[in-house]
Amino acid sequence: CFDVFKSNASNYKLGALLGDGKFANVNECCLQSQPELVDALLAKRLRGELSSKTDWIMEAALLSRCADQPPIVQLLDVCAEADGSMVLVMERFGRDLGQLLNTTPTLFGPFQIRGVARQVVSALCWLHEDVGVLHADLKPANIIGEVFERSAPFPNMLRVKVSDLGSALPLAQADRQQCPEADIRE
């Protein structure tokens, strides 16, 4: 059974559960009028205490500041459910690096690893320098990759995006004890 949730502009249908995190569930979703496009969107649904609702509002605001930045997963819509829960509707982009490593380890030769590293560093630099935040939860599950084929002599490549900005901290407030990576500018 699919749940339906709404924003001011669109109605969405919730699909299969893809991930179950501490503060949210991630599901497939689609526009109610286009159920055949279930692979195009993700719904990140707040669960748990309403005290984390402020964090969700901040994540939605941060994601909206990242609009049109290719190395960041894009926020497409924000919805509030009847019970007060929030849903962030985002683009669906590939699989996380952990899954890709486990299923297709041949994608991770030195050439591909350098390409992934460049893209991740580019995203983090943009977040630090232009937005002024520290990701604070970077891990393979929060780096989403999609394979695209290249012609010889270059092997298949991964295009990656950074996701899950729910733990992001303003650089000015990042605790240097808990987040030593905040010293990146010094």
Side-chain angles (χ1 to χ4, degrees), residues 5-15 18-19 21 23-24 26-34 36-46 53-80 86-97 99-100 112-150 156-174 181-182 184-185:
F5 57 97
K6 301 175 182 185
S7 71
N8 289 337
S10 302
N11 293 340
Y12 299 93
K13 286 175 85 172
L14 201 61
L18 299 173
F23 300 109
V26 177
N27 292 72
E28 294 177 329
C29 81
C30 62
L31 286 166
Q32 193 172 13
S33 63
Q34 296 177 308
E36 69 279 4
L37 298 179
V38 73
D39 288 339
L41 304 173
L42 292 178
K44 183 176 177 183
R45 298 177 78 190
L46 171 66
K53 190 181 248 189
T54 302
D55 294 334
W56 272 67
I57 293 168
M58 300 222 4
E59 181 177 8
L62 180 56
L63 284 168
S64 68
R65 289 180 62 195
C66 296
D68 301 322
Q69 289 302 316
I72 309 291
V73 170
Q74 298 294 292
L75 176 68
L76 303 173
D77 206 348
V78 178
C79 305
M86 290 182 63
V87 180
L88 304 180
V89 178
M90 296 176 283
E91 70 174 321
R92 185 168 182 178
F93 185 84
R95 295 183 295 159
D96 75 55
L97 281 189
Q99 293 171 336
L100 287 170
Q112 292 87 348
I113 290 170
R114 280 193 300 273
V116 168
R118 273 191 212 104
Q119 293 171 76
V120 171
V121 168
S122 171
L124 295 178
C125 285
W126 187 82
L127 286 170
H128 293 182
E129 294 169 7
D130 292 17
V131 182
V133 297
L134 177 74
H135 187 284
D137 192 25
L138 192 64
K139 57 189 176 189
N142 290 338
I143 301 170
I144 311 302
E146 183 175 83
V147 178
F148 68 98
E149 295 183 22
R150 304 223 1 201
N156 290 343
M157 295 292 298
L158 283 171
R159 187 172 305 137
V160 298
K161 294 187 177 202
V162 172
S163 69
D164 195 356
L165 301 178
S167 298
L169 300 169
L171 284 176
Q173 296 176 9
E181 64 271 28
I184 195 165
R185 289 184 167 189

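Computed from a predicted structure; not experimentally measured.
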Review point. Just how far is it from atom CG of L42 to atom CG of N27, taken to the nearest 0.5 Å?
Key: 9.0 Å
**Study point:** side-chain hydrogen bond (donor to acceptor under 3.5 Å, both in side chains) partners of residues 115-126, not counting sequence neighbours, each pair once
**Key:** Q69-W126, W126-D130
Point to revise | Distance, nearest 0.5 Å, that separates OH of Y12 from CG of L76 | key: 7.0 Å
Check your understanding: Rounded to the nearest 0.5 Å, what separation is found between the CG atom of L169 and the CG atom of D137?
Key -> 10.0 Å
Check your understanding: If every non-hydrogen atom of R92 is compared with every non-hydrogen atom of L41, which pair is closest and at what distance?
Key -> CB-N, 3.8 Å
Check your understanding: Which heavy atom of C29 sits nearest a heavy atom of V89, and at what distance?
Key -> SG-CG1, 4.1 Å
Point to revise | V133 side chain near L165 side chain, heavy-atom distance below 4.5 Å | key: no
**Study point:** From CG (L124) to CD (E129), nearest 0.5 Å
**Key:** 10.5 Å
Check your understanding: Heavy atoms, side chains only, cut-off 4.5 Å: are M90 and L75 in contact?
Key -> yes
Review point. Does the pair V120 and L138 meet the rule for a side chain to side chain contact (heavy atoms under 4.5 Å, CB included), with working shown?
Key: CA-CA 10 Å; V120 171; L138 192 64; 4.0 Å; yes
Point to revise | Value rounded to 0.5 Å, distance of CG in L62 from CD1 in I57 | key: 13.5 Å
**Study point:** Pairwise side-chain contact, S7 with V87, heavy-atom cut-off 4.5 Å (strictly under)
**Key:** no
Check your understanding: Under 3.5 Å, is there a donor-acceptor pair between the side chain of H135 and the main chain of S163?
Key -> yes
Exercise for review: May I ask you to decide whether D164 forms a salt bridge with K44, counting only side-chain N to carboxylate O separations under 4.0 Å?
Suggested key: yes
Check your understanding: For S10, what residues pass the side chain to side chain donor-acceptor pair (under 3.5 Å) criterion, not counting sequence neighbours?
Key -> none
Check your understanding: Is there a donor-acceptor contact under 3.5 Å from the side chain of D96 to the main chain of N142?
Key -> no
Point to revise | Donor-acceptor under 3.5 Å (Q74 side chain, I72 main chain) | key: yes
Point to revise | Spacing of C66 atom SG and K161 atom NZ [to the nearest 0.5 Å] | key: 11.0 Å
